[in-house]
Amino acid sequence: MTGYDVLAEVYEWLISDAKLPPAEFVASYDDVLGVLPSNAQVLDCSCGTGQLAVGLAGRGMRVVATDASEAMVRRTAELSEEFGASVRTVRANWEELPDHFQDNTFDMVFCVGNSLHHATGATGRGAALESMSRLLRPGGRLVLTSRTWELVRSRGSRLEIGDRLVRRNGRDAVVVYRWEIAPRWEEEHHIEIAIAEVDATGLVLVRSEVLSCWPYRYEELEVDLHRVGLRTEQSTFGLEAENYRVVASKV
C-alpha cells in the first residue's frame, strides 16, 4: 500500500475544477445518496484531502474519513475545520479498518478516486474489499470508482504531460503522469505523478511521488465483490471509458 504523503500538499491539482468544492463533489453522487436516511453513517475509506467527506457531512450525515496517508488525513481534518463540518478522521489502511470500527456499522462506504489499485495484488484487493463489506450493514452499499485498466494497459508505458496550466489557490501548475506498465497484469506497476508549479517569476517547483499499483480487469473486480458478499446493483463500466463507477449492496 502506497502513501501520497508528498502529493498530499498539492493534491488539489489532481481534482477536477467541477469537484473541488465539497458541495459539488458530493453532488456527483446524488443518485446513490438518495437511498440513505438523513442521519446515515457513512465511511469514506480513501478520503484524500476530504472533499467528499466534508460534502457528505454538509448533508447532515455522520461521516468518518480514513486514509492510509497521515498527510491526507491531516488535510481532511483541516478542510473539515475550514467548512465547520463534523468529520471524524482516522489514519488506517483498508485492512486495519475492522480494528477501528465494529462490523455492520455503516449505511454506505465510499472507496473513490481510483484508489483500490493501490492494494497489493489480488490478495490485498480481496482483503480490502472484505474489510469494507464487514463494516457495511446488511443492505448497505459500497460505492467504488476505478480506472478502466483494460484501457490503461492497452496504451503501454508512457509520459502524459498536461496541455494547460491548472490554477489552485492563486498558483499555476502543470500535471505530469509517467506510467510504467508491467508485462503481466498481476505484476506491480508504477505511476509517477508530478505537479510542476510555476511561480510569478517563472521558476518551476516540482513535487512528485512514485506510486505502486496492481491493476485488475473488471470481471476480476466483479468476482472479488461477489466473494465478499456484495452484489453489483449499478455499473458504468465500458472498455472505451477512462473510469467507471460500481455500486454494490451487501447481501
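Counting heavy atoms of neighbouring residues, nucleotides and ligands inside a 6.0 Å radius, atom CD of E78 exceeds 12 of them. Under a cut-off of 6.0 angstrom, the local environment of CD in E240 is sparse, with at most 12 non-hydrogen atoms contributed by other residues, nucleotides or ligands.
Judged by distance alone, the side chain of H118 and the main-chain N or O of S212 form a donor-acceptor pair under 3.5 Å. Between the side chain of R141 and the main chain of A248, no donor-acceptor pair closer than 3.5 Å is present. A donor-acceptor distance shorter than 3.5 angstrom exists from the side chain of W13 to the backbone of V166, with no hydrogens or angles considered. When atom types are taken as modelled, the side chain of N169 and the backbone of R171 share no donor-acceptor pair closer than 3.5 angstrom. With E220 contributing its side chain and R217 its backbone, the two residues share a donor-acceptor pair below 3.5 Å. T145 places no side-chain N or O within donor-acceptor distance of the main-chain N or O of V112, the cut-off being under 3.5 Å. When atom types are taken as modelled, the side chain of D107 and the backbone of V42 share no donor-acceptor pair closer than 3.5 angstrom. A side-chain donor-acceptor contact under 3.5 Å links E209 to the backbone of V6. S133 places no side-chain N or O within 3.5 Å of a backbone atom of L129 that could act as its donor or acceptor partner. When atom types are taken as modelled, the side chain of S249 and the backbone of G139 share no donor-acceptor pair closer than 3.5 angstrom.
Under the salt bridge (charged side-chain N to carboxylate O under 4.0 Å, His left out) criterion, E160 pairs with R158, not counting sequence neighbours. Applying the side-chain hydrogen bond (donor to acceptor under 3.5 Å, both in side chains) rule to E96 yields the partners R91; only residues at least two apart in sequence or on another chain are considered. With sequence neighbours left out, the side-chain hydrogen bond (donor to acceptor under 3.5 Å, both in side chains) criterion links T232 to E222. Not a single side-chain hydrogen bond (donor to acceptor under 3.5 Å, both in side chains) links Q102 to another residue, sequence neighbours left out. For the side-chain hydrogen bond (donor to acceptor under 3.5 Å, both in side chains) test, no residue two or more places apart in sequence or in another chain qualifies with N39. Every residue meeting the salt bridge (charged side-chain N to carboxylate O under 4.0 Å, His left out) condition with E186, not counting sequence neighbours, appears here in chain and number order: R184. Residues meeting the salt bridge (charged side-chain N to carboxylate O under 4.0 Å, His left out) test with E192, sequence neighbours left out: R178.
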Legend entry - Stepwise side chain to side chain contact (heavy atoms under 4.5 Å, CB included) check, V143 with V109: CA-CA 6 Å; V143 181; V109 172; over 6 Å; no
Legend entry - side chain to side chain contact (heavy atoms under 4.5 Å, CB included) between M132 and K250, intermediate numbers included: CA-CA 10 Å; M132 297 179 213; K250 184 172 180 177; over 6 Å; no
Legend entry - Working for side chain to side chain contact (heavy atoms under 4.5 Å, CB included), residues V26 and F110: CA-CA 11 Å; V26 75; F110 284 87; over 6 Å; no
Inset, instruction - Step by step, work out the side chain to side chain contact (heavy atoms under 4.5 Å, CB included) result for L56 and L33. - result: CA-CA 9 Å; L56 289 166; L33 292 172; 3.7 Å; yes
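Sorted by first and then second residue, the salt bridge (Lys or Arg N to Asp or Glu O under 4.0 Å) pairs involving residues 53-63 (not counting sequence neighbours) are D30-R59. Evaluation of the salt bridge (Lys or Arg N to Asp or Glu O under 4.0 Å) test over residues 113-129, restricted to residues two or more places apart or in two chains, returns R125-D224. Identified under the ring-ring contact (aromatic ring centres under 6.0 Å, His included) test for residues 228-251, with sequence neighbours left out: Y218-F237, Y218-Y244, F237-Y244. Pairs passing the salt bridge (Lys or Arg N to Asp or Glu O under 4.0 Å) check and including a residue from residues 143-156, sequence neighbours excluded, read R155-E242.
With values rounded to the nearest 0.5 angstrom, L142 atom CG is found 5.5 Å from L144 atom CG. Of the inter-residue distances, the one linking W214 atom CH2 with T123 atom OG1 reads 11.5 Å to the nearest 0.5 angstrom. A distance of 8.0 Å separates OG of S157 from NE2 of H189, quoted to the nearest 0.5 Å. The line from CG of D103 to OG of S131 is 9.5 Å long, rounded to the nearest 0.5 Å. Atom SG of C45 is separated from atom NE2 of H100 by 12.5 Å, given to the nearest 0.5 angstrom. A distance of 7.0 Å separates SG in C213 from CH2 in W179, rounded to the nearest 0.5 Å.
The two residues L135 and P98 come nearest to each other via the heavy atoms CD2-CA, 4.4 Å. Taking each heavy atom of A53 and D44 in turn, the nearest pair found is N-OD2, 3.8 Å. Nearest heavy atoms, P138 versus N104: CD-OD1, 3.9 Å. Shown here for T148 and G238, the closest heavy-atom pair between the two residues is CG2-O, 3.8 Å. Considering every non-hydrogen atom in both A65 and T76, the closest pair reads CB-CG2, 3.9 Å. W94 and A128 get closest at one heavy-atom pair: CB-CB, 3.6 Å.
Under 4.0 Å is where a charged nitrogen must lie from a carboxylate oxygen, and between R75 and D67 no such pair does. Ion pairing between a basic and an acidic side chain is recognised when a charged N comes within 4.0 Å of a carboxylate O; R168 and D17 show such pairing. Under 4.0 Å is where a charged nitrogen must lie from a carboxylate oxygen, and between R134 and E130 no such pair does.
With contacts defined as side-chain heavy-atom distances shorter than 4.5 Å, the pair N114/N243 qualifies. Inter-residue side-chain proximity for L97 and L43 is flagged as met; some heavy-atom pair is nearer than 4.5 Å. Using a 4.5 Å cut-off on side-chain heavy atoms (C-beta onward), L79 and V87 make no contact. By the 4.5 Å heavy-atom criterion applied to side chains, L136 and L230 are counted as neighbours. Residues R245 and Q234 are in side-chain contact: their nearest non-hydrogen atoms beyond the backbone lie under 4.5 Å apart. Residues V247 and D31 form no side-chain contact, since every pair of their non-hydrogen atoms from C-beta on lies 4.5 Å or further apart.
Taken together through direct or relayed side-chain contacts under 4.5 Å among Ile, Leu, Val, Met, Phe, Trp and Tyr, L116 and M108 form parts of separate hydrophobic clusters. A continuous path of ILVMFWY side-chain contacts below 4.5 Å connects I15 to I195, so both sit in one hydrophobic cluster. Neither V246 nor Y29 shares a network with the other; the hydrophobic side chains, linked directly or stepwise wherever heavy atoms of I, L, V, M, F, W or Y lie under 4.5 Å apart, form separate groups for each. One hydrophobic cluster, built from ILVMFWY side chains closer than 4.5 Å, holds both V228 and F106. Residues L211 and V10 share a hydrophobic cluster, clusters being chains of Ile/Leu/Val/Met/Phe/Trp/Tyr side chains in contact below 4.5 Å.
Here V204 is tied into one hydrophobic group with L159, I161, L165, V174, V176, V198, V206, each link being a pair of ILVMFWY side chains closer than 4.5 Å.
Side-chain polar atoms of T49 and Q51 form a donor-acceptor pair below 3.5 angstrom.
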